[in-house]
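Report on the following structure.
All residue numbers in this chain count up from 1 along the given sequence. It should be emphasised that the depicted structure is a prediction, and the values quoted were computed from it without experimental measurement.
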Amino acid sequence: MKRLLQITVVFLLSLSLTLTLWSPALAAEEGQPFLASPETDASETNPDANAAEANPGADAGTGGNPEADAGTGQMPDLGITARSALLMEASTGTVIYEKNADEALRPASITKIMTLILIFDAIRDGRITLEDQAVTSAYAKSMGGSQVFLEEGESQSVETLIKCIVIASGNDAAVTMAEYIAGSESEFVRQMNERAKALGMEHTNFEDCCGLTDSATHLTSARDVAIMSRELITKYPEIEKYSTVWMENITHVTKQGSSEFCLSNTNKLLKMNNSFTVTGLKTGSTSLAKYCLSATAKKDGVELIAVIMAAPDYKVRFSEAASLLNYGFSGCRLYTDSDESREPLPRLPVAMGVTPEVGLYYEGEFSYLGMNGEDFSAVEKTITLPETLMAPVTEGDIVGSLTYTLNGKTLGTVNILAEETVEAAGYSDYLKWLWEELLPAVEQKAEEAPH
């Protein structure tokens with residue numbers, strides 16, 4: 001009886017409003033989804049409004065700077081002598097330390113990080129497999145510098161060539177893969193630059209796929225190196241399977257016969273005595289670029305990327321990368337939260353909709369990087385939802401938020417979204433519901449009537 005009364009009232013009210021020819025402007029406003037809770041303020045109806053401010057590390061592409069946030073306005077003195085350096089937390093993209101991070105410099109073989117991204121893109125897309133055989137051309141064989149001495153016409157698996165690139169920094173292997181994927185190195189380089197632009201690498205221009213060129217316009221920056229390193233290790237974590245190998249043999253099979261060749265990792269940080277676990281990633285050096293390194297490491301659930309560019313000598317790039325990593329791990333604490341540890345969401349009532357309620361879901365994982373050794377066991381989570389939504393509701397509409405706070409400070413928010421679309425009910429819907437409510441009573445009266 002209660003539902004019958006509700007349907008009748010809403011139906012009559014809707015009919016009355018229509019008959020009085022309510023204004024088109026008001027009708028347009030009623031047609032938009034909105035939260036029907038008198039307690040909900042503007043920040044609750046649009047949780048995104050303060051999300052970026054509250055959680056500077058939430059934007060994967062920009063990342064906050066804890067030092068700047070703390071109001072110091074300058075970087076700590078870590079004694080970095082390299083021309084350029086940057087330290088980034090991988091999951092959030094937060095920049096912890098930087099020195100001349102946007103200066104465009106020659107990257108040498110750090111270039112191969114982008115080459116590896118395109119290789120793993122091709123594997124992901126199904127265009128190539130690890131078992132595919134790629135044949136070395138005369139041009140690829142002619143590469144100098146770091147090489148694994150591939151012969152013209154020699155066939156190697158994609159996986160073997162990945163090892164040659166990651167472990168031994170083989171220029172010949174890089175060009176062989178570029179030609180296998182794109183047909184030519186020049187086309188592959190075009191795709192490298194296209195990918196770099198899409199990642200927001202603003203100070204980068206590639207002119208080859210291995211970094212061997214002496215061109216004055218083959219350039220990137222420490223920040224851009226960190227961005228592409230982050231893309232590689234977070235999107236393709238399987239890279240660690242190769243970047244942590246210290247030594248491994250490959251077999252050359254050519255017209256001259258079969259021979260073994262030992263790949264030795266150029267990243268000597270792997271063998272240094274560290275308080276963290278080194279996971280990669282790539283070295284580079286030429287007479288013009290000097291000594292470069294993108295080093296990745298993990299400790300206590302935190303993964304950092306340390307970029308050193310134009311270090312004065314071979315050993316400095318490793319020692320200064322280790323200094324950056326030690327500094328980062330000394331204070332970094334990462335808080336993450338996902339659906340596994342969140343409160344289940346209710347179904348929310350929908351007024352004047354074709355269905356009476358809508359399901360809800362959280363918009364992704366939440367991450368926050370603290371730089372002061374915070375105790376995240378005291379994090380509080382607050383869900384903000386209206387009592388009712390007004391139809392229509394569209395799948396993906398922001399209807400509420402989950403806010404994270406620690407000791408009174410807002411760490412950030414995650415949006416709560418509508419799980420499905422609920423259209424506004426029309427007159428036919430109300431008539432149908434009225435009939436469904438009245439029919440049982442009519443049938444009962446018919447049965448009780450004398451025959």
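In terms of heavy atoms, Q147 sits closest to K141 at OE1-O, 4.3 Å. Taking all atoms of both residues into account, the shortest heavy-atom contact from G301 to L334 is O-CD2, 3.8 Å. For the pair G211 and T286, the tightest heavy-atom approach, listed with the atom from each and the gap, is O-CG2, 4.1 Å. Between A424 and V354, the closest heavy-atom pair is O-CG1, 3.8 Å. For the residue pair N265 and N267, the shortest heavy atom distance occurs at OD1-N, 2.9 Å. For the pair D172 and M143, the tightest heavy-atom approach, listed with the atom from each and the gap, is N-CB, 4.0 Å.
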Please walk me through it: do T283 and I110 pass side chain to side chain contact (heavy atoms under 4.5 Å, CB included)? CA-CA 6 Å; T283 62; I110 288 182; over 6 Å; no
Under the side chain to side chain contact (heavy atoms under 4.5 Å, CB included) rule, what do K282 and V166 come out as? Steps first, then yes or no, please. CA-CA 7 Å; K282 193 71 199 71; V166 179; 5.9 Å; no
Assess the residue pair E365 and R342 against the criterion (salt bridge (Lys or Arg N to Asp or Glu O under 4.0 Å)); give the C-alpha distance rounded to whole Å, side-chain angles, the decisive distance to 0.1 Å, and a yes or no. CA-CA 10 Å; E365 185 179 86; R342 289 170 177 161; over 6 Å; no
Would E374 and K409 count as a salt bridge (Lys or Arg N to Asp or Glu O under 4.0 Å) if you check the C-alpha gap in whole Å, the side-chain angles of each, and the deciding distance to 0.1 Å? CA-CA 12 Å; E374 291 89 342; K409 175 188 175 183; 5.7 Å; no
Dump the intermediate steps for side-chain hydrogen bond (donor to acceptor under 3.5 Å, both in side chains) on T129 and D132, then the final yes or no. CA-CA 5 Å; T129 71; D132 285 358; 2.8 Å; yes
Full working for side chain to side chain contact (heavy atoms under 4.5 Å, CB included) between K271 and W246: CA-CA 8 Å; K271 285 295 182 180; W246 180 242; 3.5 Å; yes
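In this structure E202 satisfies the salt bridge (Lys or Arg N to Asp or Glu O under 4.0 Å) test with no other residue, sequence neighbours excluded. The ring pair (Phe, Tyr, Trp, His ring centres under 6.0 Å) test applied to F329 returns F276, not counting sequence neighbours. Applying the side-chain contact (heavy atoms from CB on, under 4.5 Å) criterion to V253, with sequence neighbours excluded, gives T251, S258. For R333, there are no salt bridge (Lys or Arg N to Asp or Glu O under 4.0 Å) partners, not counting sequence neighbours. Residues meeting the salt bridge (Lys or Arg N to Asp or Glu O under 4.0 Å) test with R124, sequence neighbours left out: D121. For A196, the side-chain contact (heavy atoms from CB on, under 4.5 Å) partners at least two apart in sequence or on another chain are M114, M201, T204, F206. The side-chain contact (heavy atoms from CB on, under 4.5 Å) search around A168 returns V148, L263, not counting sequence neighbours. Residues passing the ring pair (Phe, Tyr, Trp, His ring centres under 6.0 Å) test with Y139: none are found, sequence neighbours excluded. Remark: T403 pairs with S401, T405, T410, T413 by the side-chain contact (heavy atoms from CB on, under 4.5 Å) rule, at least two apart or across chains. Every residue two or more places apart in sequence or in another chain was checked for a salt bridge (Lys or Arg N to Asp or Glu O under 4.0 Å) with E152, and none qualifies.
Of the possible polar contacts, none joining the S84 side chain to the M309 backbone as a donor-acceptor pair under 3.5 Å is found. Side chain of E248 to main chain of C262: no donor-acceptor pair is present (N/O by atom type, distance under 3.5 Å, no hydrogens or angles). Under the 3.5 Å distance criterion, the side-chain polar atoms of N274 are left unmatched by any main-chain donor or acceptor of V278. Here the side chain of N205 pairs no donor or acceptor atom with the backbone of T220 at under 3.5 angstrom. Using modelled atom types, one side-chain atom of S137 and one backbone atom of A140 make a donor-acceptor pair closer than 3.5 Å. Judged purely by atom type and a 3.5 angstrom limit, D125 has no side-chain atom pairing as donor or acceptor with the backbone of A122. Side-chain atoms of T234 come within 3.5 Å of backbone N or O of R230 as a donor-acceptor pair. Put simply, the side chain of E419 never gets that close to the backbone of V358: no donor and acceptor are under 3.5 Å apart. Side chain of N415 to main chain of E363: no donor-acceptor pair is present (N/O by atom type, distance under 3.5 Å, no hydrogens or angles). In this structure, the side chain of S243 engages the main chain of T279 through a donor-acceptor pair within 3.5 Å.
Note that CG of L402 is 6.5 Å distant from NZ of K381, once rounded to the nearest 0.5 Å. Y180 contributes atom OH, which lies 12.5 Å from atom OG1 of T136 (distance to the nearest 0.5 angstrom). Note that NZ of K268 and CG of L293 are 12.0 Å apart. Values are rounded to the nearest 0.5 Å. Between M371 atom CE and Y327 atom OH the span is 4.5 Å, to the nearest 0.5 Å. Note: L345 CG to Y362 OH = 3.5 Å, rounded to the nearest 0.5 Å. To the nearest 0.5 angstrom, L150 atom CG is 11.5 Å from S142 atom OG.
Applying the side chain to side chain donor-acceptor pair (under 3.5 Å) test to pairs two or more places apart or on separate chains, those with a residue in residues 108-119 are S109-K112, S109-S169, T111-H218, K112-S169, K112-N171. Residue pairs meeting the ring pair (Phe, Tyr, Trp, His ring centres under 6.0 Å) criterion with at least one member in residues 107-126, sequence neighbours excluded, are F120-Y236.
By the 4.0 Å N-to-carboxylate-O rule, E151 lies too far from K255 to be salt-bridged with it. Between E194 and R190 a salt bridge is recorded (basic side-chain N to carboxylate O distance below 4.0 Å). K315 and D313 are not joined by a salt bridge, as no carboxylate oxygen comes within less than 4.0 angstrom of a charged side-chain nitrogen. Between D102 and R223 a salt bridge is recorded (basic side-chain N to carboxylate O distance below 4.0 Å). Taking a cutoff of 4.0 Å between a charged side-chain nitrogen and a carboxylate oxygen, K99 and E320 do not qualify as a salt bridge.
Below 30°, between 30° and 60°, or above 60°: for Y368 and F376 the angle between ring planes is above 60°, a perpendicular geometry.
Counting only N and O atoms by type, the side chains of S157 and E159 include no donor and acceptor under 3.5 Å apart. Between the side chains of E231 and S229, not a single donor N or O lies within less than 3.5 Å of an accepting N or O. With 3.5 Å as the limit, one finds a donor-acceptor pair spanning the side chains of E207 and S215. In this model, no donor atom of one side chain and acceptor atom of the other lie less than 3.5 Å apart for E187 and S184.
Taking the six-membered ring wherever Trp is involved, the centroid distance between the rings of Y404 and F366 falls below 6.0 Å.
Residue-environment remark: NZ (K290) stays at or below the threshold of 12 foreign heavy atoms within 6.0 Å.
Looking only at side-chain heavy atoms (C-beta outward), E154 and Q156 come within less than 4.5 Å of each other.
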